Amino acid sequence: MKVIQNPTQYFFEQSNNPSDEYLDKINLFIGKLINQKQCLLCKQDYNIKDRLPRILIHCGHTICTQCLGNFYRNRRVRCPLCLKLVKHLDSIDRLPINHTIFTKMADEINKKSRFHGGTDVIDPQQYLFTQFQQSAVQAQKIRQHQQNQYPQIDPDSGLEFCEFHNDRVKHFFCMKHKITCCRVCSDMIHQKKDCIVVDLYEIEDIPAFLNEAYKLNQENNCQNQNIEFLPDEDNNFNDEDLEGEFAQNESLKSL
């Protein structure tokens, strides 16, 4: 029988079901890497309510939900351990739960229940799936609330968030249409030949630039109002004309 002297060998062998003989050694080794019982900040035990162990996705550090709530501002949370920033976060509940720690907590609760003659109280997979569903519904409500309060302002740049893409800042400006837009809208709408798109992040004084652009646009509109346009019969299209255009265009017949 092969004996594992070093717990690290377990990880190299990718054993999913180690025997009980090595579980203590494995848990001891993992305990040196990460505290599976207590939050590193508040030193309180993790639980399945307000102190769920959550992973900060940019750095991998695990901190309890309640502590992370103290660092959550403006849809952002900064890791108190390494200072890496997670942006565009609708709520703390959207951060993933540490499955390793949670499964171990659930197993301990179920063991206590069986010891007292009961049955399993928690199904880890079902519980985590339910948590994910609830956080998704809550995130949707938050987005709807943000849309109702539109425009939302990005605190760093002072620019508005896009009304169509709530997680994107409108930091592009189309010189032709005289409007700001996000990157997605810029790629989809303002890529015509006569569109000149400027990245506002490259402008030193954004408010002054926008004020001047809007001022010029207003002056042009006033000049255009003084021009009398005569009706042009050649430019009046009806439904039959449009149908004829489609019929003559070979490239559209396959649509």
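All residue numbers in this chain count up from 1 along the given sequence. Note that this is a predicted model, so its numbers are computed, not measured.
Annotation: side chain of Leu210 is in contact with side chain of Leu200 (closest heavy-atom distance under 4.5 Å). A heavy-atom distance below 4.5 Å is not found between the side chains of Gln38 and Gln44. Under the 4.5 Å side-chain criterion, counting only non-hydrogen atoms from C-beta, Leu81 is in contact with Leu41. In this structure the side chain of Cys181 never reaches within 4.5 angstrom of the side chain of Ile189, judged on heavy atoms. The shortest side-chain heavy-atom distance between Cys64 and Leu52 does not fall under the 4.5 Å cut-off. Using a 4.5 Å heavy-atom threshold, the side chains of Cys39 and Pro53 count as separate. Using a 4.5 Å cut-off on side-chain heavy atoms (C-beta onward), Thr65 and Ile97 make no contact. With a 4.5 Å cut-off on side-chain heavy atoms, Cys82 and His61 count as touching.
Remark: side-chain polar atoms of Tyr72 are paired, donor with acceptor, to backbone N or O of Leu89 under 3.5 angstrom. Of the possible donor and acceptor atoms, none in the side chain of Tyr46 sits under 3.5 Å from a partner among the backbone N and O of Arg54. No donor-acceptor pair under 3.5 Å is formed between the side chain of Ser113 and the backbone N or O of Ile109. Side-chain atoms of Thr130 come within 3.5 Å of backbone N or O of Gln126 as a donor-acceptor pair. Put simply, the side chain of Lys104 never gets that close to the backbone of Ile101: no donor and acceptor are under 3.5 Å apart.
Cluster membership for Leu85 and Ile55, using ILVMFWY side-chain heavy atoms within less than 4.5 angstrom, is not shared. Placement of Leu159 and Ile179 in two distinct hydrophobic clusters is found when ILVMFWY residues are connected by side-chain heavy-atom separations under 4.5 Å, directly or transitively. Tracing side-chain contacts under 4.5 Å through hydrophobic residues (I, L, V, M, F, W, Y), one never reaches Val198 starting from Met188; they form parts of separate clusters. Under a hydrophobic clustering in which Ile, Leu, Val, Met, Phe, Trp and Tyr are joined whenever their side-chain heavy atoms come within less than 4.5 Å, directly or via other members, Phe161 and Val184 fall into different clusters. Cluster annotation: Val169 is not connected to Phe172 through the hydrophobic network of ILVMFWY side chains, with a link wherever side-chain heavy atoms come within less than 4.5 Å.
For Ile196, the CD1 atom is loosely surrounded, since the number of other residues' heavy atoms within 6.0 Å does not exceed 12. Surrounding CZ of Arg51 are more than 12 heavy atoms belonging to other residues, nucleotides or ligands, all under 6.0 Å away.
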Given Asn110 and Ile122, is the side-chain contact (heavy atoms from CB on, under 4.5 Å) satisfied, shown in steps? CA-CA 7 Å; Asn110 290 336; Ile122 300 176; 4.1 Å; yes
Verdict with supporting geometry, Cys79 and His58, side-chain contact (heavy atoms from CB on, under 4.5 Å): CA-CA 9 Å; Cys79 177; His58 288 357; over 6 Å; no
What verdict does the side-chain contact (heavy atoms from CB on, under 4.5 Å) test give for Asp187 and Arg183, after you've listed the backbone C-alpha separation in whole Å, the side-chain angles of each residue and the deciding distance to 0.1 Å? CA-CA 6 Å; Asp187 294 339; Arg183 181 180 295 277; 3.8 Å; yes
Chi angles and distances behind the side-chain contact (heavy atoms from CB on, under 4.5 Å) call for Arg75, Asp90: CA-CA 6 Å; Arg75 300 179 67 218; Asp90 291 330; 3.3 Å; yes
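Contact detail for Asn47 and Lys49: the closest heavy-atom pair is OD1-N, 2.9 Å. The two residues Ile57 and Pro96 have their closest heavy-atom pair at CG2-CD, 3.5 Å.
Taking SG of Cys67 as the reference point, atom NZ of Lys43 lies at 10.5 Å (rounded to 0.5 Å). The CG atom of Asn70 sits 10.5 Å away from the CD1 atom of Ile63 when rounded to the nearest 0.5 Å. Taken from CZ in Arg78 to CZ in Arg76, the straight-line distance is 8.5 Å, to the nearest 0.5 Å. For the atom pair OG1 (Thr180) and NE2 (His190), the distance works out to 8.5 Å, reported to the nearest 0.5 Å.
The existence of a salt bridge linking Lys176 and Asp194 is confirmed by a sub-4.0 Å separation between a basic side-chain nitrogen and an acidic carboxylate oxygen.
Using a 30° and 60° split on the angle between ring planes, Tyr201 and His171 fall in the parallel class, below 30°.
Between Phe209 and Phe173, the gap from one ring centroid to the other is short of 6.0 Å.
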